[in-house]
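Here is the structure we will look at, set down as structure tokens.
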Amino acid sequence: MELQGKIALVTGAGSGIGKATALKLAAEGARVAVLSRTESEVTETCREIANAGGQSIALTADTSDEAQMRAAIGRLTDAVGGIDIVIANAGINGVWAPIDDLKPDEWDQTISVNLRGTYMTLYLTVPHLKRSGGSIVVVSSINGTRTFTTPGATAYTATKAAQVAMVQQLALELGKHHIRINAVCPGAIETGIAANTSMRHREETEVPVIWPEGEIPITNGKKGASEDVAEAILFLASDRARHITGTPIWIDGGQSLLR
């Protein structure tokens with residue numbers, strides 16, 4: 001119970017990595033604010049936390065929408081008085097297509113959810129973290145940080161590279177306030193994010209390489225689990241990582257080294 005008494009906010013906590021992280025932090029004693037734009041998913045995550053003996057607060061908001069996020073963070077701080085841990089996880093894959101086929105509104109949507117959403121989460125929570133310090137973890141990706149071979153994923157890759165740049169920039173800015181900020185960069189993980197992916201003309205951008213034994217060396221090609229990422233997030237959020245900031249951690253079983 002190393003997070004006993006801590007208040008944690010997890011965005012995109014209705015499914016996948018966000019949900020696994022919310023459950024993990026709650027199991028370690030944190031009171032977890034479960035935020036997603038899908039109310040039914042928030043309700044289910046909170047129910048599972050309660051069934052396991054944990055505490056949670058249900059918040060529904062689109063992380064890219066300032067008014068919705070202000071209202072959600074306001075409800076959180078009114079209820080508990082502060083924030084100690086922020087997990088900026090909400091994101092989409094968006095549209096993957098050749099750059100001359102990727103429409104401006106498709107580009108804007110990915111940038112809005114992944115990058116503006118991360119900015120908005122930090123913009124509204126950092127003032128609370130400054131009061132007594134804390135930890136931020138941003139969920140980025142191997143795409144844009146180690147690998148650049150995902151067909152047509154230019155918008156997605158740009159947002160993930162920018163997230164790591166933000167983390168490294170803010171590590172110095174926030175350090176004097178005793179706020180640590182780090183990133184996790186997952187590879188192939190069993191989540192539902194594929195439902196948010198639209199792919200066109202893959203054959204135009206795909207690199208023609210096949211790995212007969214799979215592209216994830218440590219698991220013989222098998223994808224990782226959301227819980228694998230949640231474990232790393234727990235570590236970074238805890239005092240065990242007290243001297244770590246501005247650091248990306250790749251959680252991919254070696255996939256990005258092969259690709």
Side-chain angles (χ1 to χ4, degrees), residues 7-19 21-22 25 31-43 45-46 56-95 103-141 144 155-171 173-174 177 179-183 193 196 233 237:
I7 306 300
L9 169 68
V10 182
T11 69
S15 61
I17 291 170
K19 180 176 182 177
T21 299
L25 300 185
R31 187 172 183 183
V32 180
V34 177
L35 188 149
S36 172
R37 60 184 176 182
T38 306
E39 184 176 4
S40 60
E41 292 184 344
V42 170
T43 300
T45 300
C46 289
S56 64
I57 299 169
L59 300 173
T60 303
D62 179 342
T63 56
S64 67
D65 187 299
E66 182 179 0
Q68 291 184 28
M69 284 296 286
R70 281 193 180 277
I73 300 305
R75 289 196 298 274
L76 171 58
T77 55
D78 286 348
V80 299
I83 304 172
D84 303 295
I85 298 165
V86 174
I87 313 301
N89 166 72
I92 60 171
N93 279 351
V95 176
K103 305 300 186 287
D105 61 332
E106 295 169 340
W107 169 273
D108 289 345
Q109 174 69 6
T110 302
I111 299 298
S112 178
V113 175
N114 292 359
L115 198 51
R116 178 181 167 86
T118 298
Y119 154 75
M120 194 62 65
T121 299
L122 303 187
Y123 173 63
L124 295 172
T125 59
V126 163
H128 300 283
L129 291 171
K130 281 183 175 180
R131 295 173 185 172
S132 56
S135 177
I136 300 168
V137 182
V138 175
V139 179
S140 179
S141 171
Y156 178 78
T157 295
T159 63
K160 295 302 163 178
Q163 285 178 321
V164 170
M166 288 174 67
V167 163
Q168 294 174 328
Q169 172 75 21
L170 292 174
E173 177 181 326
L174 300 179
H177 301 288
I179 300 170
R180 296 182 299 101
I181 180 168
N182 294 287
I193 197 171
N196 291 321
I233 292 174

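In what follows, every heavy atom counts, from backbone to side chain, and hydrogens, waters and symmetry copies are set aside.
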Checklist entry - Under the 3.5 angstrom rule, does the side chain of Thr45 hit a backbone N or O of Ala13 as a donor-acceptor pair? => result yes

Interatomic distance, CZ@Arg180 vs CG@Leu129, rounded to 0.5 Å, equals 11.0 Å

| Side-chain (Lys160) to main-chain (Val139) donor-acceptor, under 3.5 angstrom | yes

Check your understanding: Where the side chain of Asp84 meets the backbone of Ile7, is there a donor-acceptor pair that is under 3.5 Å apart?
Key -> yes

Shortest non-hydrogen pair, Thr110 vs Val95, comes out as OG1-N, 4.1 Å

Rounding to 0.5 Å, atoms CZ (Arg75) and CG (Leu35) come to a distance of 8.5 Å

Heavy atoms of Gln163 and Thr118 approach each other most closely as NE2-OG1, 2.8 Å

When rounded to the nearest 0.5 Å, the distance separating CD1 of Ile233 from OG1 of Thr21 is 3.5 Å

_Side chains of Tyr123 and Arg116 in contact at under 4.5 Å (non-hydrogen atoms)_ = no

Between the CD1 atom in Ile136 and the OG1 atom in Thr125, the distance rounded to the nearest 0.5 Å is 5.5 Å

Discussion item. Is it the case that the side chain of Ser112 and the backbone of Ser64 share a donor-acceptor pair, with hydrogens and angles ignored and the cut-off at 3.5 Å?
Written reply: no

Residues, nucleotides or ligands: over 12 heavy atoms within 6.0 Å of Glu66 CD: yes

All heavy atoms of Ser36 vs all of Glu41, minimum pair found to be OG-OE1, 3.8 Å

Please evaluate residues Gln109 and Ile92 with respect to the criterion side chain to side chain contact (heavy atoms under 4.5 Å, CB included), reporting the C-alpha separation (whole Å), side-chain torsions for both, the decisive distance (0.1 Å), and the verdict. CA-CA 9 Å; Gln109 174 69 6; Ile92 60 171; 4.0 Å; yes

Distance col, row Thr11:OG1 vs Met69:CE, nearest 0.5 angstrom, shows 6.5 Å

* Between the main-chain N or O of Val137 and the side-chain N or O of Asn182, is there a donor-acceptor pair closer than 3.5 Å? -> no

So CG of Leu170 and CD1 of Ile181: to nearest 0.5 Å the spacing works out to 5.0 Å

Looking only at heavy atoms, the pair that brings Pro127 and Leu122 closest together is CD-O, 4.3 Å

In short, Leu59 meets Ala33 closest at the heavy-atom pair CD1-CB, 3.8 Å

Taking every heavy atom of Ile87 against every heavy atom of Ile85, the minimum-distance pair comes out as CD1-CG2, 3.7 Å

For side chain to side chain contact (heavy atoms under 4.5 Å, CB included), just list the numbers for Val10 and Val34, CA-CA rounded to whole Å, side-chain angles, deciding distance to a tenth of an Å, and then say yes or no. CA-CA 6 Å; Val10 182; Val34 177; over 6 Å; no

Side chain to side chain contact (heavy atoms under 4.5 Å, CB included) assessment of His128 paired with Leu76:
CA-CA 11 Å; His128 300 283; Leu76 171 58; over 6 Å; no

